[in-house]
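Just so you know, ligand 1 is whichever comes first in the structure, and atom 1 is the first atom listed for that ligand. Residue indices begin at 1 and follow the sequence shown.
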Amino acid sequence: MGKAIFIRKAAQLVTLRGSSGAPLVKEGMSELGIIENGSVWIENGMIQAVGKDEVLFEKFAGQIHQADVVDATGKLVTPGLVDPHTHLVFAGSREDEFNMRLKGAAYMEIMNAGGGIHATTRRTKQAAPEELFQESYTRLNQFLLHGVTTVEAKSGYGMEWKTERKQLEVAKQLNEQHPIEVVSTFMGAHAVPIEYKNNPEGFVKIIVEEMIPKAAELKLAEFNDVFCEQGVFTPEQARTILEAGKVYGLIPKLHADEIEPYEGAELAAEVGAISADHLLKASEKGLKAMAKKGVVGVLLPGTAYFLMAESANGRKMVDLGVPVAVSTDCNPGSSPTVSLPFIMNLACLKMGLTPAEVITSATINAAHAIGRGQEIGSLEVGKKGDVTIFNVENYMKLQYSYGMNHTDTVVKSGKVVVKGGRLVEELSLS
Ligand code: NIG
Ligand code: FE
């Protein structure tokens with residue numbers, strides 16, 4: 001076992017204690033459990049003690065000389081950030097479409113003309129697994145440099161089993177080889193393939209009868225996601241796909257009400273989804289149903305920003321009692337970024353959340369959105385030793401001072417992986 005790590009004297013240690021049982025809602029989202037002059041002792045990959053520095057110093061007096069001591073004086077210490085919605089594994093980029101959109105083309109228009117998700121699918125199909133691994137590993141390094149220690153990753157740039165499987169296998173390999181934990185979601189229903197344009201039901205049948213059983217049998221995914229949107233998958237088709245996944249133990253997630261209102265939030269509550277994501281056009285009825293069922297609303301303010309759309313009403317969701325999380329939605333078409341801290345700034349400015357609510361959204365509530373609320377997302381004894389240290393004195397400044405990377409140190413499962421804002425050497429694959 002490696003050395004113990006003793007993080008000492010944080011100006012603010014954001015613990016989010018007591019939040020492992022269920023995601024935080026309403027006023028609870030502002031209860032950060034801050035300890036000033038706070039310290040954390042990590043050993044065997046796990047958090048062994050959290051508290052005032054004086055107390056921990058006394059408790060571990062006999063062992064300090066054997067530990068790696070990290071001085072966090074004047075800094076902010078939070079749980080490692082959690083990104084609960086990414087399309088991590090893909091090939092290529094789409095700056096050409098960015099240019100087209102700036103000239104007035106709409107996102108869906110580009111997709112319907114065979115670009116968009118279809119363009120990335122063509123690139124991803126062609127890429128060798130090693131190339132996909134390399135590109136995605138580099139992205140994961142960038143996530144880590146921004147303080148993120150866990151990401152969810154969706155397939156969906158295959159739309160046929162061979163490529164979906166390739167993406168899921170690369171995600172699995174990344175989870176094994178990169179320090180970041182990668183949590184996999186099957187998303188065969190990301191778009192209707194062009195050849196099924198006039199027969200979408202035929203494609204739904206393939207997802208339900210072939211892809212879902214295989215993904216589950218090979219244990220390549222925990223979750224099952226559908227892009228439920230006008231012109232993509234209808235709520236009825238989404239219901240069929242999500243219910244089929246449940247039979248195989250895949251937990252439903254949903255891209256819901258992003259571009260047009262489509263009763264996606266209602267459907268997420270009905271099928272017992274763990275999260276419904278996007279929600280720009282979600283109805284009040286749907287949001288209330290989500291609140292009642294405890295479905296996490298994953299907000300993606302970077303996507304609205306990048307698509308020049310009006311953001312989801314995060315303020316209203318929190319006030320209605322929806323447990324809210326935030327995420328980058330990292331993907332080449334609608335959110336080509338890994339900067340969760342930048343997204344956190346947008347969640348304040350574009351969605352009306354407070355900095356405290358946003359910290360909760362990027363840690364414990366994000367962990368609950370991917371079924372990891374018991375293991376990560378807060379600094380508590382018995383949780384994984386996932387900790388991020390930022391070069392700011394308090395949590396509000398992290399969101400206030402935007403567009404810069406304040407990450408100083410990242411500890412993942414009890415190992416220092418970022419030091420002084422740089423990757424420790426062995427991670428620099430490329
Ligand atoms: O979450 N909305 C659908 N899927 C992705 C975009 C994927 C892409 O454009 O490549 C999203 O925004
Ligand atoms: Fe997405």
Side-chain angles (χ1 to χ4, degrees), residues 83-98 100-101 105-125 127 132 135-136 139 151-159 163-164 167 171 183-194 223-233 238 241 252-260 262 264 268 273-282 296-309 311-312 325-338 340 343 346 366 369-370:
D83 193 330
H85 179 143
T86 85
H87 303 256
L88 174 75
V89 182
F90 61 85
S93 58
R94 310 220 297 265
E95 58 277 18
D96 50 337
E97 291 178 11
F98 175 58
M100 285 160 75
R101 287 195 298 102
Y107 174 81
M108 288 302 265
E109 205 182 301
I110 295 171
M111 171 165 153
N112 291 335
I117 294 173
H118 300 296
T120 300
T121 299
R122 286 190 290 275
R123 295 287 297 271
T124 305
K125 261 193 226 288
L132 269 184
E135 276 197 42
S136 312
R139 258 191 292 284
V151 307
E152 182 258 16
K154 302 174 196 300
S155 66
Y157 291 123
M159 295 181 243
T163 309
E164 291 290 315
Q167 275 189 284
V183 176
S184 271
T185 296
F186 168 69
M187 197 176 179
H190 195 191
V192 178
I194 295 161
F223 303 99
N224 182 23
D225 199 342
V226 178
F227 187 13
C228 178
E229 188 67 47
Q230 304 247 4
V232 192
F233 293 95
I241 293 166
K253 276 184 169 279
L254 202 61
H255 280 59
D257 302 316
E258 180 187 351
I259 295 159
E260 304 287 345
Y262 214 15
I274 195 163
S275 76
D277 306 27
H278 286 291
L279 302 168
L280 279 66
K281 300 288 165 70
V296 180
V298 177
L299 302 178
L300 309 164
T303 309
Y305 166 73
F306 198 71
L307 295 184
M308 299 175 278
S311 294
V326 296
S327 158
T328 60
D329 192 16
C330 173
N331 76 74
S334 68
S335 192
T337 184
V338 296
L340 193 50
I343 298 298
L346 287 178
I370 51 171

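- A donor-acceptor pair is defined here as one N or O able to donate and one able to accept, closer than 3.5 Å; no such pair exists between the side chain of Glu260 and the backbone of Glu229.
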Next item on the list: Start with the C-alpha distance between Thr303 and Asp329, add both sets of side-chain angles, then the distance that settles side-chain hydrogen bond (donor to acceptor under 3.5 Å, both in side chains), and finish with yes or no.
Entry: CA-CA 7 Å; Thr303 309; Asp329 192 16; 2.9 Å; yes

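- To the nearest 0.5 Å, atom CZ of residue Phe233 and atom CD1 of residue Ile241 are 5.0 Å apart.
- Between Phe98 and Phe306, the ring planes are parallel. Angles under 30° get that label, and only those over 60° would be called perpendicular.
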Next item on the list: Take His255 and His85 through the side-chain hydrogen bond (donor to acceptor under 3.5 Å, both in side chains) test and state the conclusion after the steps.
Entry: CA-CA 10 Å; His255 280 59; His85 179 143; 3.0 Å; yes

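- Within the 3.5 Å criterion, the main-chain N or O of Gly297 finds no donor-acceptor partner in the side chain of Ser275.
- Excluding water, every protein N/O/S atom under 2.8 Å from the Fe ion (ligand 2) is given here by residue and atom: His85 NE2, His87 NE2, His255 NE2, Asp329 OD1.
- At least one donor-acceptor pair closer than 3.5 Å links the side chain of Gln167 to the backbone N or O of Gly156.
- In this structure, NE2 in His190 is found 11.5 Å from OG1 in Thr185, a value given to the nearest 0.5 Å.
- The aromatic rings of His87 and Tyr157 lie tilted to each other, with the angle between the two planes from 30° to 60°.
- Using a heavy-atom distance under 4.0 Å as the criterion, the protein contacts of ligand 1 are His85, His87, Arg94, Tyr107, Ile117, Tyr157, His190, Phe227, His255, Glu258, His278, Thr303, Asp329, Asn331, Gly333, Ser334.
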